[in-house]
Colleague: 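Here you go, one structure.
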Amino acid sequence: MQPRPTSYAKVYGAVAGPPDADGWVEVELPVESEAVATGDLLRLGVEAEVLGPPGLRRAVTEAVTVLADRYANDRKFPRNSQPGTC
């Protein structure tokens, strides 16, 4: 995760290490469940990378793959929706 490690660590009770040469900070944070952690980490977008545990990294990878596929397809409207709805 980049920049804001101190504020993130304080808010989430995480333990943050020092920044590396590129400014990335490794953070360990407690999570409620894999599903909740996946959603929380996806909110960070490209500002974070899940290093482990392997199951959480896999869950984030699967979610990002679904999103990439959804946005890569040239559909006029998302599946199961009508114009003007989410």
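Keep in mind it's a predicted model, so treat the numbers as computed, not measured.
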Colleague: Flag the pair Asp40 / Val31 as yes when at least one side-chain heavy-atom distance between them is below 4.5 Å, and no otherwise.
Modeller: no

Colleague: Give the minimum heavy-atom separation between Glu34 and Ala59, together with the two atoms involved.
Modeller: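 Distance-wise, the nearest heavy atoms are OE2-CB, 3.8 Å.
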
Colleague: Given the rule in the side-chain contact (heavy atoms from CB on, under 4.5 Å) test, do Leu41 and Leu56 qualify, once you have shown the distances and angles that lead to the verdict?
Modeller: CA-CA 10 Å; Leu41 292 164; Leu56 180 57; 3.7 Å; yes

Colleague: I'd like to check the side-chain hydrogen bond (donor to acceptor under 3.5 Å, both in side chains) partners of Arg57; sequence neighbours left out, ordered by chain and number.
Modeller: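 Arg57 satisfies side-chain hydrogen bond (donor to acceptor under 3.5 Å, both in side chains) with Glu49 once adjacent residues are dropped.
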
Colleague: Do Val15 and Val27 have side chains that get closer than 4.5 Å, going by heavy atoms?
Modeller: no

Colleague: Please report the interatomic distance CG(Leu67) to CD(Glu62), rounded to the nearest 0.5 Å.
Modeller: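 Separation between the atoms: 12.0 Å.
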
Colleague: Using modelled atom types and a 3.5 Å cut-off, is there a donor and acceptor pairing between side-chain atoms of Asp22 and backbone atoms of Trp24?
Modeller: no

Colleague: If you compare all heavy atoms of Gly17 against all heavy atoms of Val25, which two are closest, and at what distance to 0.1 Å?
Modeller: O-CG1, 3.0 Å

Colleague: If you group Ile, Leu, Val, Met, Phe, Trp and Tyr by side-chain heavy-atom gaps below 4.5 Å, do Leu44 and Val64 land in one group?
Modeller: yes

